[in-house]
S.K.: 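Structure in structure tokens, see below.
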Amino acid sequence: MAAGDLREGRIVVVGASLAGLRAAETLREEGFTGSLTVVGDEPHAPYDRPPLSKQVLLGQATADTTELPVRRDPDADWRLGTAATGLDPLEKRVLLADGESLPYDRLLITTGTRARPWPNPAEGALDGVFTLRTREDAAGLAERLDAGPRRVLVIGAGFTGSEIASACRERGLDVTVAERGPAPLVGALGGTLSKLAAVMQRNHGVDLRCGVTVTALRGNGGFTGADLSDGTRVDADVCVVALGAVRNVEWLADSGLAAGPRGIACDAGCRAFNMYGIVTDDVFVAGDVSRFPHPLFGYQMLSLEHWGNAVEQAEVAAHNMINPGPRQRPHLTIPTFWSTQFGLNIKSVGVPTFSDHVVIAQGSLEARRLAMVYGYQGRVTAAVTVDMAKSLDYYRHLIETAAPFPPPPGALDRALAADVPIPSDVPDPKGLSHGPTVALTGYLPDRRLTVLRPTS
Ligand SMILES: Cc1cc2nc3c(=O)[nH]c(=O)nc-3n(C[C@H](O)[C@H](O)[C@H](O)COP(=O)(O)OP(=O)(O)OC[C@H]3O[C@@H](n4cnc5c(N)ncnc54)[C@H](O)[C@@H]3O)c2cc1C
């Protein structure tokens, strides 16, 4: 297809959130003049999720004020409140819940994730039990917190669960956090920083219970408490289930795409793979629903639940959708993530779980201000700063250039000698309550994540 033709035709984007909006804007910015349709099952214009567990729960903003700023009008036909239910890649049509089917020349999938529900639906339906992913979730939970519950139980101490617990304490509410793993954030940051996270939670008055699972939610209509695996019971009137996310891929079950529980596999140019591992040239993927290979992390498939990745990948996907092969760009972002909780500003660059050792390169655990560098087989693969965000760019450069690990003592500010590296102590995610926000999945020949169906 000639370069000019790619700027015309019909593009459909499924998923009207951060990645979908940024892709739609980029398509127009880069000269796409054809018809653009954005399908989203939520009834709202695209909105921002990070404030939902921060400003909204703290009462500093309401959930309906989190709309994403629009950089330029994407001049799109917005099909909001309508779910895509199927994809026919031969006819090149997206099937919608209202019975309509949308033809496309190129398709972008940005259907992201949803909150993993409590496994027992009857218990999960008790009044006062929440998950947190959408505007409605945040508005409902904030309202309950406003009403001053006696105690809030948070199940899962990943980033979302920990931020919710932090917001509760800032509001002066009693909160219990239950986590199956040994400490909060351990799946994302490894052993050393998770110990600091545990100290911070307890210092801020959180009743932190690690190494336990919640075995049952109790209540008769309304939630009243939960049973824990150690035989104790927590009395509470609000429960937040923060068990991680589930990829929104079910609607692709019969599509023949490589879509499974870890997301939709695509190449570094955001082009989706079909279930035989053949790359498609008209279906693209971006954001939390994607998994893509990254040369800096052993070419393993990387699944991220990161705001910055959704934006950057959407921009690359949009660019590649309207440019011929030689002009296409790879999505080689270095993952970044931030979180604010218990008065700490935590920032991460790279993939901390892709590590065997860590070293404190600046600051100290005692000062609660530090930069921790992660290494894998003698090279730098990640860094996490606590209240030291300015250093992050320096560490990003070390990751990009595969610099040797450990970095030389005082490499950045000469203020402090680097410690002796210690094991990074990243546990198997299976032992945690919450799902990981970063997952690396190498090629596992004994497992197939898609169901093969014969085509007729
Ligand atoms: C509470 C919370 C706090 C967060 N905090 C941070 C943070 O501090 N830092 C950070 O880096 N990241 C954070 N994140 C993650 C960040 O918000 C996500 O990475 C980002 O939203 C991903 O954007 P996306 O467009 O890929 O997917 P999503 O935002 O998940 O959007 C996907 C959209 O597609 C829709 N959809 C799904 N299936 C269909 C279908 N079949 N048909 C039509 N539409 C469909 C969904 O309803 C949704 O609207 C946070 C997320 C949450 C929930």
Side-chain angles (χ1 to χ4, degrees), residues 12-24 37-57 63 66 68 78-87 94-98 102 107-116 130-138 141-142 156 158-164 166-167 188 240 242 244-253 255 259 263-264 270 285-291 303-315 317 333 335-341 345-349 434-435 437-438:
V12 173
V13 177
V14 182
S17 182
L18 179 63
L21 173 65
R22 291 295 175 248
T37 306
V38 185
V39 180
D41 61 0
E42 295 189 79
H44 316 290
Y47 61 89
D48 213 12
R49 296 182 203 275
L52 301 182
S53 55
K54 305 173 181 72
Q55 292 85 343
V56 174
L57 291 193
T66 54
L68 279 164
W78 293 90
R79 307 293 293 267
L80 300 178
T82 312
T85 52
L87 172 65
V94 173
L95 315 179
L96 301 184
D98 61 12
L102 294 175
L107 170 69
L108 175 63
I109 301 173
T110 56
T111 44
T113 66
R114 60 184 183 275
R116 184 179 299 284
F130 292 86
T131 53
L132 182 57
R133 181 80 200 169
T134 67
R135 229 163 97 158
E136 287 77 8
D137 296 338
L141 180 56
F159 278 108
T160 305
S162 299
E163 287 183 2
I164 294 165
S166 173
V240 192
V246 180
R247 262 87 197 152
N248 291 319
V249 293
E250 292 80 358
W251 67 284
L252 297 165
S255 68
I264 307 164
C270 312
V285 196
D288 283 11
V289 76
S290 72
R291 51 197 293 259
S303 315
L304 298 172
E305 295 169 34
H306 291 178
W307 195 97
N309 179 67
V311 171
E312 287 175 34
Q313 197 175 14
E315 289 171 355
T333 184
T336 55
F337 184 85
W338 80 94
S339 173
T340 47
Q341 48 182 279
N345 174 12
I346 302 172
K347 290 204 167 184
S348 152
V349 60
H434 57 282
T437 53
V438 177

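In listed order, ligands and their atoms are each counted from 1.
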S.K.: At what distance is the nearest protein heavy atom to atom 25 (O) of ligand 1, and which residue and atom is it?
M.R.: A19 N, 2.9 Å
S.K.: I164 versus F130: any side-chain heavy-atom pair under 4.5 Å?
M.R.: no
S.K.: For ligand 1, does W251 get within less than 4.0 Å through its side chain, its backbone, both, or neither, judged by non-hydrogen atoms?
M.R.: side chain
S.K.: When you check the side-chain N and O atoms of Q313 and H306, is any donor under 3.5 Å from an acceptor?
M.R.: no
S.K.: Out of V249, L252, T110, which one pairs with V289 under the side-chain contact (heavy atoms from CB on, under 4.5 Å) rule?
M.R.: V249
S.K.: Do side-chain atoms of S162 reach the backbone of G158 as a donor and acceptor pair under 3.5 angstrom?
M.R.: yes
S.K.: Quick one: which ligand 1 atoms are inside 4.0 Å of a heavy atom on T110?
M.R.: 32 (C), 33 (C), 34 (O)
S.K.: Starting from atom 3 (C) of ligand 1, which protein heavy atom do you reach first, and at what distance in Å?
M.R.: S53 OG, 3.4 Å
S.K.: Between Y47 and T134, which heavy-atom pair has the shortest distance, and what is it?
M.R.: OH-CA, 3.3 Å
S.K.: Students should be able to answer this: which protein heavy-atom is nearest to atom 47 (O) of ligand 1, and at what distance?
M.R.: D41 OD1, 2.5 Å
S.K.: Just to verify, which of R247, R116, R291 counts as forming a salt bridge (charged side-chain N to carboxylate O under 4.0 Å, His left out) with E305?
M.R.: R247
S.K.: Compare A23, A84, A16 and give the one whose heavy atom is closest to atom 41 (N) of ligand 1.
M.R.: A84
S.K.: Quick one: which ligand 1 atoms are inside 4.0 Å of a heavy atom on V14?
M.R.: 42 (N), 43 (C)
S.K.: Please write down residue, atom name and distance for the protein heavy atom closest to atom 16 (C) of ligand 1.
M.R.: W307 N, 4.1 Å
S.K.: Using heavy-atom distances, let me know which of G81, A115, G15 sits nearest atom 34 (O) of ligand 1.
M.R.: G15
S.K.: Under 4.0 Å, heavy atoms only, figure out whether ligand 1 is touched by the backbone of D288, its side chain, both or neither.
M.R.: both
S.K.: Show which atoms of ligand 1 fall inside a sub-4.0 Å distance from at least one heavy-atom site of A83.
M.R.: 42 (N), 43 (C)
S.K.: Can you find a pair of side-chain heavy atoms, one from S290 and one from I264, that are under 4.5 Å apart?
M.R.: no
S.K.: Of all residues at least two apart in sequence or in a different chain, which pass the salt bridge (charged side-chain N to carboxylate O under 4.0 Å, His left out) check with R133?
M.R.: D288
S.K.: Return the minimal non-hydrogen interatomic distance between G287 and N309, and the atom names on each side.
M.R.: O-ND2, 4.3 Å
S.K.: Backbone, side chain, both or neither: what part of R114 comes under 4.0 angstrom of ligand 1, heavy atoms only?
M.R.: neither
S.K.: Which atoms of ligand 1 have any heavy atom of H306 under 4.0 Å away?
M.R.: 11 (O), 19 (O)
S.K.: Could you name the option among R22, E163, R49 that has the heavy atom nearest to atom 17 (O) of ligand 1?
M.R.: R49
S.K.: Run the numbers for me: atoms of ligand 1, each under 4.0 Å from some heavy atom of L18, listed by number.
M.R.: 23 (O), 25 (O)
S.K.: How far is atom 33 (C) of ligand 1 from the closest protein heavy atom, and which atom is that?
M.R.: S17 CB, 3.7 Å
S.K.: Side chain, backbone, both or neither: which applies to T134 and ligand 1 if a contact is any heavy-atom pair less than 4.0 Å apart?
M.R.: neither
S.K.: Numbering the atoms of ligand 1 from 1, which are under 4.0 Å from a heavy atom of K54?
M.R.: 5 (N), 6 (C), 7 (C), 8 (O)
S.K.: Mark up the atoms of ligand 1 that fall under 4.0 Å of a heavy atom belonging to G287, in ascending order.
M.R.: 26 (O)
S.K.: Starting from atom 15 (C) of ligand 1, what is the nearest protein heavy atom, named by residue and atom, and what distance separates them?
M.R.: E305 O, 3.8 Å
S.K.: Which atom names give the shortest non-hydrogen contact between V38 and A24, and what distance separates them?
M.R.: CG2-CB, 4.4 Å
S.K.: Short N/O distance, under 3.5 Å, between E42 and ligand 1?
M.R.: yes
S.K.: Which atom pair, heavy atoms only, marks the closest approach of K54 to P50?
M.R.: NZ-O, 3.3 Å
S.K.: Quick one, D48 with W307, criterion side chain to side chain contact (heavy atoms under 4.5 Å, CB included). Give me CA distance, side-chain angles, the key distance, then yes/no.
M.R.: CA-CA 9 Å; D48 213 12; W307 195 97; 2.7 Å; yes
S.K.: Which heavy atom of the protein is the closest neighbour of atom 14 (N) of ligand 1, given with residue, atom name and distance?
M.R.: P50 CG, 4.1 Å
S.K.: If the test is side-chain contact (heavy atoms from CB on, under 4.5 Å), which one of T131, L57, L141 qualifies with V240?
M.R.: L141
S.K.: Is S339 in contact with ligand 1, taking contact as a heavy-atom separation below 4.0 Å?
M.R.: no
S.K.: Which atoms of ligand 1 are found less than 4.0 Å from any heavy atom of T113?
M.R.: 30 (O)
S.K.: Relative to ligand 1, is W338 under 4.0 angstrom through side chain, backbone, both or neither, heavy atoms considered?
M.R.: both
S.K.: So, for S17 and P46, which heavy atoms are closest and what is the spacing to 0.1 Å?
M.R.: O-CB, 3.9 Å
S.K.: Starting from atom 10 (C) of ligand 1, locate the nearest protein heavy atom and write down its residue, its atom name and how far away it is, to 0.1 Å.
M.R.: F337 CE1, 3.4 Å
S.K.: So, E163 and T340: side-chain donor and acceptor under 3.5 Å apart, yes or no?
M.R.: no
